[in-house]
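Notes follow the structure.
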Number of protein chains: 2
Amino acid sequence: MVKRPTLQDVAAEAGVSPATASYALRGQRGSDATVERVRQAAERLGYDADPIARALATGSTGTVGVLCGSTRDLWQQRLAVDLSRALMARGRHAVVADADGDPGRERALLAKLREQRPDGLLVAPLDPDAAHWHDVAERFPVVCVGEQLPRAPSAGAVVFDNDAGMALVFDHLAGLGHRRVAVVLTARPSTPDRPAEDLVRRHAARVGVSVVLVHPPPATADVADLRDHLAAALAGPAAGVSVVFCLSDSLAFAALRAAAVRGLAVPDDLSVVGFEDLDVADLVGPGLTTMSWGEETVVDAAVGQLLVSIEDDVAPARSTIAPRLVVRGTTGPAR
Amino acid sequence: MVKRPTLQDVAAEAGVSPATASYALRGQRGSDATVERVRQAAERLGYDADPIARALATGSTGTVGVLCGSTRDLWQQRLAVDLSRALMARGRHAVVADADGDPGRERALLAKLREQRPDGLLVAPLDPDAAHWHDVAERFPVVCVGEQLPRAPSAGAVVFDNDAGMALVFDHLAGLGHRRVAVVLTARPSTPDRPAEDLVRRHAARVGVSVVLVHPPPATADVADLRDHLAAALAGPAAGVSVVFCLSDSLAFAALRAAAVRGLAVPDDLSVVGFEDLDVADLVGPGLTTMSWGEETVVDAAVGQLLVSIEDDVAPARSTIAPRLVVRGTTGPAR
DNA sequence: TTGAAAGCGCTACCAG
DNA sequence: CTGGTAGCGCTTTCAA
């Protein structure tokens, strides 16, 4: 292990003080001649500032914590990756933690992340109602993706316009003549997703469609469980529907398999509609209709809001992403 | 923003010196009485040691860099997530970077990761032959997943026993009477001793099966491109094969779609075989036969080797993961 | 068993 | 425009 050169070394090499070297390398100060001399010295020595020392001196780490509720959900898995990339592109780096569907773990990871002293936090929470979000949001800029943190008014949020999204989907389905739709809600360990349920009911009523609500097992369940659970619903309360509308694409994939288990052809016997538009949907389909939120839009909005908040020391903003109906697959006929 | 308590505060609160407090909190020194008093003080103040300051003082960051070649590959995406989780469980945290299929970016990210002064590096390289791995492996413990770094003898590795894996697959196929197989190669070579191509040829010859090699487009291609590329192959050089054997599951998913494009039923007209056993395969199937490497085995081996290397200051080990043939789907008949 | 003090490498204030 | 120098918060000798 060769000892790395320090700022001292560079300063000595360039024949200036450490202060001058520091300023020069950051382009903050110094005559052109000095700056150039310092740069050359740094170059010659292969110097790179130590981010640890810098962090201690400035009080900012350049790190952003990303906390996901469950990366078993393909959307979150992709989100985590995209957020990391976007942050890296903007000169910060992400520390990603995954609660894996367990609220207790979410809490523990949050504590670990906090100790890490990130400059900010990006979260896709399992339990948005948890009290701990409040404390965290008071200490760090926090931006929540996909929902609001009702207990943490100082947190920013990037939310989807589910109202508009559901309007599009139900209009689409009703327009094709479907009258009976099963809706698979997303799993929330602690809180039933009341608002989503209400939206579904309202839009279904508006277009004269009857709905059967299906609650999935918790996010920790593996894919086979999910498939069997949905297959059971299809044989039970949801028997005879012509559409399964899933509030996430991971659920929609499972619904496709459940249809196969029941011997229903998609989209001829049964249509399956997703609500996220993952690109793997292309591989999983056909016969999967999905709704797109524009992935980059979400990521850009979240990262943008957080960085503005960090850099200008203001509260993070809230923004809403509008939906586009992207019919990738084919929605089958009503029965 | 409330100022966090420091070690000084705890020391003052407990009526001891900072040194004593530091030792006491880490359980390194001190009479039981003192230790207890300091603990209580820390508790009362809600003290948590600042990892930045600690890192500066000790020279170790507790961070492990994870560099993926392309998380568009679902296997790598999952790998990144699992590695983060495993590291977190062992008291370290991961900084994940994704080269997204671009070797230039891989180089740049590696430089960024190095500046970060991680305690070690876990890599799934795009270009294992690149010269920069050599420098890196000399400065940090590095464990490479999925292949070896031929230019970096000091790096550890967790490799798959592809030879044994292919033997299993070809035996399986030949046993079912298949005589003509298309093999979709990955961009990465990935063998301890020999390129995948040679292995394929050798095992095919051994069991008397003829193969058509298909090279996929680069990892940056999107899923639709991949599908079309494979569909073209199925109409061209690979027309008439009864099996498409894909060296990664992501490719296998695309192959399933390509079969659909060509109007071939899976597994009746054409069997599709994967080589990773991702759990989403359950959702994407049916008719997808996959080979399992035991995901936890890989992650545990990689993380285990790296941490031993970091903690005991020895060169990381190399290990080989044995395959299991897990027939999830159904392999169809020969034609 | 405890404490004073010297760093770790960098930034930023304040004089010159 | 430049250079001392005092921290940032913690660990770790070395003495007491």
Side-chain angles (χ1 to χ4, degrees), chain A residues 1-39 41-42 45-63 91 114-119 139 311 313, chain B residues 1-42 45-63 91 114-119 139 311:
Chain A
M1 297 278 183
V2 192
K3 197 178 168 308
R4 282 177 50 143
T6 71
L7 187 60
Q8 298 280 353
D9 300 331
V10 175
E13 174 85 7
V16 297
S17 75
T20 302
S22 173
Y23 286 120
L25 287 175
R26 284 175 298 150
Q28 302 256 340
R29 252 184 30 178
S31 63
D32 290 359
T34 312
V35 168
E36 187 51 28
R37 197 147 40 90
V38 174
R39 272 205 212 296
L45 267 44
Y47 171 80
D48 267 318
D50 183 338
I52 301 296
R54 174 172 286 167
L56 185 60
T58 59
S60 130
T61 56
T63 287
R114 284 178 64 157
E115 283 178 25
Q116 218 47 52
R117 299 184 177 261
D119 292 342
R139 290 217 180 12
E311 282 152 22
D313 196 30
Chain B
M1 296 276 184
V2 192
K3 196 177 167 311
R4 280 177 52 144
T6 70
L7 187 61
Q8 299 279 353
D9 301 331
V10 175
E13 174 85 7
V16 297
S17 74
T20 302
S22 172
Y23 285 121
L25 288 174
R26 283 174 299 149
Q28 302 254 340
R29 248 183 37 175
S31 63
D32 289 1
T34 312
V35 168
E36 187 51 28
R37 198 144 41 90
V38 174
R39 274 206 212 297
Q40 304 245 341
L45 267 44
Y47 171 80
D48 268 319
D50 183 338
I52 302 296
R54 175 171 287 169
L56 185 59
T58 60
S60 126
T61 57
T63 286
R114 284 177 65 155
E115 283 177 24
Q116 218 44 51
R117 296 185 178 257
D119 292 344
R139 288 213 181 15
E311 282 152 23

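Residue numbering restarts at 1 for every chain, and letters A, B, ... go by the order of the sequence lines. Quick note: numbers below take in every heavy atom, side chains included, and nothing from hydrogens, waters or symmetry partners.
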Let me know the distance between [atom1] of [X] and [atom2] of [N], rounded to the nearest Å.
X: B:L56; N: D:dG7; atom1: CG; atom2: P; answer: 17 Å
X: B:Q8; N: D:dC10; atom1: CD; atom2: P; answer: 8 Å
X: B:D50; N: D:dC10; atom1: CG; atom2: C1'; answer: 8 Å
X: A:Q116; N: D:dG9; atom1: CD; atom2: P; answer: 16 Å
X: A:R117; N: D:dC8; atom1: CZ; atom2: P; answer: 12 Å

Does [X] have any side chain to side chain contact (heavy atoms under 4.5 Å, CB included) partners at least two apart in sequence or in another chain, and if so, which?
X: B:T63; answer: B:T61, B:H93, B:V95, B:P118
X: A:A57; answer: none
X: B:V16; answer: B:A11, B:A14, B:T20, B:A21, B:T34, B:R37, B:V38
X: A:R29; answer: A:Y23

Interatomic spacing from [atom1] in [X] to [atom2] in [Y] - rounded to 0.5 Å:
X: B:R4; Y: A:E115; atom1: CZ; atom2: CD; answer: 7.5 Å
X: A:Q28; Y: A:S22; atom1: CD; atom2: OG; answer: 8.0 Å
X: A:L56; Y: A:D50; atom1: CG; atom2: CG; answer: 10.0 Å

Fill in: Range on DNA chain C touched by chain B, heavy atoms, distance below 4.0 Å
C:dT1 to C:dG9
Item to complete: Under 4.0 Å between any heavy atoms, over every strand shown, what does A:G30 touch: base, sugar-phosphate, or nothing? Just pick one.
Response: sugar-phosphate
Worksheet item: Which part of the nucleic acid, if any, lies within contact of A:A55, taking any heavy atom under 4.0 Å across all strands shown: a base, the sugar-phosphate backbone alone, or nothing?
Response: nothing
Protein-nucleotides 12-16 of chain D N/O pairs under 3.5 Å:
from	atom 1	to	atom 2	distance (Å)
D:dT12	OP2	B:R26	NH1	3.1

Worksheet entry | Stepwise side chain to side chain contact (heavy atoms under 4.5 Å, CB included) check, A:V35 with A:R39 | CA-CA 6 Å; A:V35 168; A:R39 272 205 212 296; 3.9 Å; yes
